[in-house]
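A short worksheet on the structure shown next.
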Amino acid sequence: MDGRYNPGEIEPKWQAKWEEQGAFLAHDDSEKPKYYCLIEFPYPSGQGLHIGHIRSNTAMDIIARKRRMEGFDVLYPIGWDAFGLPTENYAIKTGIHPREVTRQNTDNFRRQLKRIGFSFDWSREINTTDPGYFKWTQWIFLQMLKKGLAYKAKMLINWCPSCKIGLANEEVIDGKCERCGSEAEKREKEQWMLAITKYAERLHDDLDTVDYLEKIKIQQRNWIGRSEGAIVKFRISNFEFRNRSNSDVDWIATSKTPRNDEEYIEVFTTRVDTLFGCTYVVVAPEHALIRGQITVNREQGTDDFSHPSVLNTGQLPSGRGAGSGEQGTDDFSHPSPRKAEELPSGRGAGSGEQIVGSGEQGTSLRQGYGMAKQGTANGEQIVGGMEPGVGIKNWEEVRAYIDETKKKSEMDRTAEGREKTGVRLEGIMAVNPINGEEVPVFVADYVLGDYGTGAVMAVPAHDTRDFAFAKKYDLPIRNVIMPHLIDKKNPPREGKKSVERNTIHALVKNPKDGKFLCLEWKNHPWITFIVGGVEEGEDVVEAAKREVLEETGFSNLEYVETLGGKVQSEYFAAHKDENRIANTTAVVFELRDETREPVTEEEAAKHSILWLSLDEIRNREMTCAELDFWLARLEGNEGVFIDDGILTDSGTFSGLSSSEAREKISAKLESEGNGKKVVKYKLRDWVFSRQRYWGEPIPVVHCEKCGIVALPESALPLELPEIDGGYSPTDTGESPLAKIASWVNTTCPTCGGPASRETDTMPNWAGSSWYFLRYIDPRNDSALADPEKLKRYMPVDWYNGGMEHTTLHLLYSRFWNKFLYDIGVAPTSEPYQKRTSHGLILAEGGVKMSKSKGNVINPDDIVSDFGADTLRIYEMFMGPFDQPIAWGENGLVGSRRFLERVWKLQEKLTTHNSSATSPCADPLAKTSGQPTKIDRLLHRTIVKVSEDIEAMRFNTAVSSMMILVNALEKEPSISNEAFGIFLRLLSPFSPHIAEECWAELGNTESIFLTEWPVADPVMLVEDTVKIVVSVNGKVRDTFEASVEATEDDLKAKALASDKVAKFLDGREPKRVIIIPGKLVNVVV
RNA sequence: GGGCGGAUGGCGGAACUGGCAGACGCGCUGGACUCAAAAUCCAGUGAUGGCAACAUCGUGAGGGUUCGACCCCCUCUCCGCCCACCA
């Protein structure tokens, strides 16, 4: 060692050596077990490497380096997710070819990453824009097309009328075009779709087989949105057929359902237990019943119930002529894309895409439309059928409503407090199959056309949305679920008989002072409202009035309201010596005057009258289990009870719990052909088209004769044509590719006739959906990757990335991998064994770093000023890895000082630079003799650092190394062995300084070829421990004790303490709690 | 509205499974070195009271469980992220 720590000198030196030695290459033929570390490959933006990239890359670099030292052959690859909007926009602005921009940016990123000293296998670098790469992206698309997972459908896209281009969702800010600020519109366009919904169940269930952070699993599950429920068929009465004749298809013949004059609305519900409370039915504006339009490409393949979501008569053959007989027959409990040969047709609307602003950090896996926006139109083509509004008498009004809905922007539909609107369909009624009751039918936009069946049974008593709608349109509210309570004060007693009764609580208010009439019982310590039973067939209000009169004599009451539905409570009725199951209705009255009739002596003997204000009721011990419900409802929290409970007024199902009732009611419906249990997913198919230049061309042509024809695999890669100048999309919203006639016009691979190329390109999620496979065999020209190599490396053992990618990217890539697994390409069903996430690095002040704010930190500056090792260790030390953290320069100084101190430790080495052989071959070499304090600390540090790395607690790992260095500094001398062990612990964090010091120790071999230190158990055993003595839980003293000290020893020693004696103050300890090895607590 | 996460000194953050709150780092204060400064080193650093030993208080607020609570339970406030009329 010569003098000062100079990272500017040693860092490039070691980087060059490692590269020269191929130190971090993965070996396909290695004997060692493999370990595949993956980070999300960056989008090479013009802004250069973000400080956040360094944090996540360093974390995985630490794991990769540790794994190598643990004897694994590690694959830690890197590449570029280089298709994407910023590059394209830059090209539009400057006219520079995106390929050139990409080249410059990747060069810069590569240079920056290499300066940090990451142990990437650079020989496997990939780039999604490289034809040798996207050849296989296109190939996968063709396989999906073959298996019927890729299809075309009409979709709404965001459209800027001023810029005349389609906008990705992230380009629409608050409903406006990001660039020009004009209001974005929706425009219908035919789009390529990928049927990810066919994999919904497996994507959901297989999460059980992988080791992802729980929060990631939760997000994935929520996104997939599995819900169990039931389809219920409501027959439409008064339905009038019209206009069958003008259909150009024989829909009757192709309709799978036996035709009769009954038509149905099918609703999806998760709460079939509330079916008796249904007082109307609502269909979405998009629903076929009111569109009255027959559509194709609807639903098929995405639903797992036996009937389509619209009128049975609406069924028509799909556009491909496959016949709608197929429709609905797919059973997706075991989806097998291998079998799915038909083009599944467009269930058009997609789910809400969320673009999660990841800033420039994290990775580029961030663009595109993602899954389609919710609430957009179904991909439908009108081919004939009924005329609009069949059977609907107020069709004009209905159509006006629908038109209005269409005009509403996405914003309006979700903003403005979401007041519910709708129109009743006059002339038709729906029949509730469980009780034969006719209920009205509405169209309302609070029902979504693309979820479930596009129709709901409305149960206002038990659904807040239905409730709001029912209130507004004055529809009946029927309570059929009772909350269930057990009275805690008088719980039911075992062995007593149970009696179920309908009861009332009368809440009688005196308008003079606002107080309520209560009863104070004489033989029991009770205060109650006026309580009583409801006679068979008696009206609850009448019953309540009667009870008030009988018990108190007040006779002139005005009925105010009934407080929601019944509440069931179980309690022990001491005055009757029996358990009661009381189904209680609360009725509110006001006194018109204080007229009182005489009360029988018997009643008068039982209780006396008490007037209590609401506050008193709340504070006094009322004997009323239902009190909380009554108070809430009195205060205007209307009686919508949305939880599970006990059924009431539900025919033979009354008395069942909600969950029992769901089973039994759906079983009954199914046995009668009126419904069945189903599972639904919120997940929508993936909109896969972009009207952009800088993406993978979709490798199909449109032939006048043959329709959509896939390119043969031999024609791949289909490369982008050169464009002079304009990379802007066309005025029509088509991709810029559409402008290049020489490229568009081609011949059909099937018939040789004229054909035009598809001009849409793929979203840049495409390239990132399978890149982890390509790393394994990145130069293979004849296959996506060699199957043997795939088998060696897959699955990815550890994949770390940002939470912003847990829904879209993670789901897309799992989907593609599963598809590739199904067609025999990928060796594992799940691509990633383990997934963790990092927190973002924010700018100082906790805001996002952005060019416009001028608060972007350039890693080059930090490396120049402090060194890569300092930057790395600081980013690990600054805070918990999984939490967002604000950047601050302050801590950097401390990290640099730490490395300086490490450097200086070399001066204390006992055998400085004296040996050419490796003095630290065996990490446990020096465990003989009496372990010193330093030995023990060293070995504890080995344990701490090892464990912390595995748990990604890098901050505390660094802290424990600092503690060790602080202690080593105080030693007069340090053994080479001890220092060597420490260097190995440090090496994954700050590899250059560790390697340099290691070489200075006289080692000729890289520190990364040594083994990861293992702690000697002997060194971890302490012979004395510090025992804390507390009195009443407050620490008063401590003492050293042997680890073998018995409880009695500890107790005696603790009680002998002067300080304890002082706090005992002569009193005898009541109790002494002894936790061996830790503390003694004296209780007085 | 729903889900997830968070709140600890002047600051970033520690605290295993309920057992000495504030590790480690930054900053600050004092000292050493220096003509001086930087760098480095040493000591101190939660608040309050006290010359001090020491005592009391203290982990967003309020309750509870416990011998003992940053940690578990209940209620609430605030912050972040994600989703959001999903039947």
Side-chain angles (χ1 to χ4, degrees), chain A residues 213-216 218-219 221-223 225-227 229-230 267-272 274 282 284 351-352 354 356-357 374-375 413-414 418-420 444-448 450-459 462-466 468-469 642 680-684 803-804 806-807 839-840 842 846 874 877-880 882-895 897-898 900-901 904 944 947 953 955-963 965-966 969 1026-1038 1059 1062 1069-1075 1077-1084:
Chain A
L213 289 183
E214 198 51 36
K215 62 177 172 181
I216 295 174
I218 289 169
Q219 269 199 28
R221 289 203 182 98
N222 288 347
W223 188 257
R226 182 191 146 95
S227 65
V267 304
F268 173 66
T269 177
T270 55
R271 290 298 302 277
V272 75
T274 64
V282 191
S351 75
Q354 43 257 269
V356 188
Q374 258 180 21
R413 254 178 104 159
T414 47
R418 290 175 204 144
E419 174 143 2
K420 305 224 170 351
D445 66 3
Y446 83 89
V447 173
L448 305 176
D450 65 337
Y451 181 72
T453 60
V456 301
M457 60 181 224
V459 185
H462 305 295
D463 181 282
T464 46
R465 295 152 304 182
D466 298 339
F469 191 81
I642 57 168
K680 288 266 168 204
Y681 297 93
K682 276 190 263 182
L683 186 68
R684 291 297 104 110
M803 280 308 281
E804 65 274 21
T806 44
T807 44
L840 301 180
L842 306 167
Y874 172 60
F877 180 61
M878 62 194 299
D882 60 345
Q883 273 170 226
I885 191 155
W887 180 259
E889 297 270 310
N890 304 340
L892 266 167
V893 180
S895 298
R897 279 183 199 152
F898 168 63
E900 299 270 8
R901 292 211 297 273
K904 274 204 193 146
K944 178 78 179 148
E947 288 177 355
R953 290 187 301 251
N955 53 334
T956 51
V958 174
S959 146
S960 70
M961 288 189 285
M962 287 174 168
I963 292 169
V965 167
N966 289 348
E969 267 181 339
K1026 194 165 120 189
I1027 302 290
V1028 170
V1029 185
S1030 58
V1031 178
N1032 288 339
K1034 289 195 180 178
V1035 180
R1036 299 302 181 188
D1037 202 0
T1038 61
K1059 288 172 186 161
K1062 185 176 142 198
K1070 276 188 204 147
R1071 206 174 145 190
V1072 180
I1073 286 145
I1074 300 146
I1075 311 293
K1078 279 198 174 149
L1079 95 167
V1080 178
N1081 186 22
V1082 181
V1083 186
V1084 288

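First the proteins, then the strands, lettered A, B, ... as listed; each starts at 1.
- Here A:Arg271 does not reach the OP1 or OP2 of B:rA87: none of its side-chain N or O atoms lies under 4.0 Å away.
- Proximity of a side-chain donor or acceptor of A:Arg1036 to a complementary backbone N or O of A:Gly1033 within less than 3.5 Å is not detected.
- Nucleotides B:rC42 and B:rC24 are separated by 13 Å at their P atoms, to the nearest Å.
- Nucleic acid contact for A:Ile885: sugar-phosphate only, since backbone atoms but no base atoms lie under 4.0 Å from a heavy atom of the residue.
- Checked against B:rG19, B:rC20, B:rA87, the side chain of A:Phe268 finds its nearest nucleotide in B:rA87.
- Taking for each of A:Asp466 and A:Val893 the nucleotide of RNA chain B with the nearest heavy atom, the 5'-most of the two is the partner of A:Val893.
- In this structure, the CD1 atom of A:Ile1073 is 7 Å from the P atom of B:rC67, given to the nearest Å.
- For A:Asp463 and A:Ser960, each mapped to the nucleotide of RNA chain B holding its nearest heavy atom, the one lying further toward the 5' end belongs to A:Ser960.
- Going from the C1' atom of B:rG60 to that of B:rU77 covers 8 Å, rounded to whole Å.
- B:rC82 atom C1' lies 12 Å from atom CG of A:Leu840, rounded to whole Å.
- Within the nucleic acid shown, A:Val1083 comes within 4.0 Å of sugar-phosphate atoms alone, with no base atom in reach, counting heavy atoms only.
- Rounded to whole Å, the separation between the C1' atoms of B:rA32 and B:rA38 comes to 15 Å.
- An OP1 or OP2 oxygen of B:rG25 is reached within less than 4.0 angstrom by no side-chain nitrogen or oxygen of A:Arg897.
- Distance check, rounded to the nearest 0.5 Å: CD1 of A:Ile1027 to OG1 of A:Thr1038 gives 10.0 Å.
- Taking atom P on both B:rA61 and B:rC71, the two are 11 Å apart, rounded to the nearest angstrom.
- Considering only side-chain atoms of A:Ile963, the nucleotide from B:rG19, B:rA87, B:rC24 that sits closest is B:rC24.
- Computed from coordinates, the A:Trp887 CH2 to B:rC26 P distance equals 15 Å when rounded to whole Å.
- Minimum atom distance to the side chain of A:Val1035 is reached by B:rC20, of the listed B:rC20, B:rC4, B:rC85.
- Atom CD of A:Glu804 is separated from atom P of B:rC81 by 13 Å (rounded to the nearest Å).
- Distances were taken from every side-chain heavy atom of A:Asn222 (C-beta onward) to each of B:rG3, B:rC85, B:rA15; the shortest belongs to B:rG3.
- Of the possible donor and acceptor atoms, one in the side chain of A:Arg271 sits under 3.5 Å from a partner among the backbone N and O of A:Ile642.
- At least one side-chain heavy atom of A:Asn955 sits less than 4.5 Å from a side-chain heavy atom of A:Arg953.
- Using a 4.0 Å heavy-atom criterion, one finds that A:Asn1081 contacts the bases of the nucleic acid, with or without backbone contacts as well.
- A tilted orientation is assigned to the rings of A:Tyr446 and A:Phe469, their planes being inclined by 30° to 60°.
- If you take atom P in B:rG68 and the same atom in B:rU75, they sit 23 Å apart, rounded to whole Å.
- For A:Asn955 and B:rG25, the shortest distance from a side-chain N or O to OP1 or OP2 is not below 4.0 Å.
- Nucleotide B:rG25 holds its C1' atom 9 Å from the OH atom of A:Tyr874, rounded to whole Å.
- In this structure, of B:rC4, B:rG25, B:rA87, it is B:rG25 that holds the atom nearest to the side chain of A:Phe877.
- Taking OG from A:Ser959 and NZ from A:Lys944, the interatomic distance works out to 7.5 Å, rounded to the nearest 0.5 Å.
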Quiz item: Could you run down nucleotides 49-57 of chain B 5' to 3' and tag each one B, S or - for protein heavy-atom contact under 4.0 Å?
Solution: -----SSSS
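- Of the candidates B:rC4, B:rA87, B:rC67, the closest approach to any side-chain atom of A:Arg1071 belongs to B:rC67.
- Base orientation of B:rG9: syn (glycosidic angle within 90° of 0).
- Look at CZ on A:Arg901: it is 8 Å from P on B:rC42, rounded to the nearest Å.
- Here the OG1-CG distance, from A:Thr806 to A:Leu213, works out to 10.0 Å after rounding to the nearest 0.5 Å.
- For the strand RNA chain B, secondary-structure stems (runs of at least three Watson-Crick or G-U pairs, all distances below 3.5 Å) span B:1-7 with B:77-83, B:10-12 with B:24-26, B:27-32 with B:40-45, B:46-49 with B:54-57, B:60-64 with B:72-76.
- The side chain of A:Asn966 places an N or O atom within less than 4.0 Å of a non-bridging phosphate oxygen (OP1 or OP2) of B:rG25.
- By the 4.5 Å heavy-atom criterion applied to side chains, A:Leu892 and A:Trp887 are counted as neighbours.
- Rounded to whole Å, the P atom of B:rG6 lies 31 Å from the corresponding atom of B:rU45.
- Between the CG atom in A:Asn222 and the NZ atom in A:Lys215 there is a gap of 14.0 Å [rounded to 0.5 Å].
- Nucleotides B:rG10 and B:rU59 are separated by 13 Å at their P atoms, to the nearest Å.
- Atoms CZ and CE, from A:Arg897 and A:Met962 in turn, are 10.5 Å apart once rounded to the nearest 0.5 Å.
- Evaluation of atom-type donor-acceptor distances gives no pair under 3.5 Å for the side chain of A:Lys1078 against the base of B:rC20.
- The one candidate from A:Thr270, A:Thr274, A:Thr269 that meets the side chain to side chain contact (heavy atoms under 4.5 Å, CB included) condition with A:Val272 is A:Thr269.
- For A:Met803 and B:rG3, the CE to C1' distance is 11 Å, given to the nearest whole Å.
- Counting distance only, with no hydrogens placed and no angle test, the side-chain atoms of A:Lys1070 and the base atoms of B:rC67 include no donor-acceptor pair under 3.5 Å.
- When the C1' atom is compared between B:rG19 and B:rC72, the two are found 14 Å apart, to the nearest whole Å.
- Here B:rC81 presents its P atom at 19 Å from CD1 of A:Ile216, a figure rounded to the nearest Å.
- For B:rG13, the OP1/OP2 oxygens have no side-chain nitrogen or oxygen of A:Arg953 closer than 4.0 Å.
- At a threshold of 4.5 Å between non-hydrogen side-chain atoms, the residues A:Ile216 and A:Met803 count as touching.
- Taking CG of A:Asn1081 as the reference point, atom CZ of A:Arg1071 lies at 9.0 Å (rounded to 0.5 Å).
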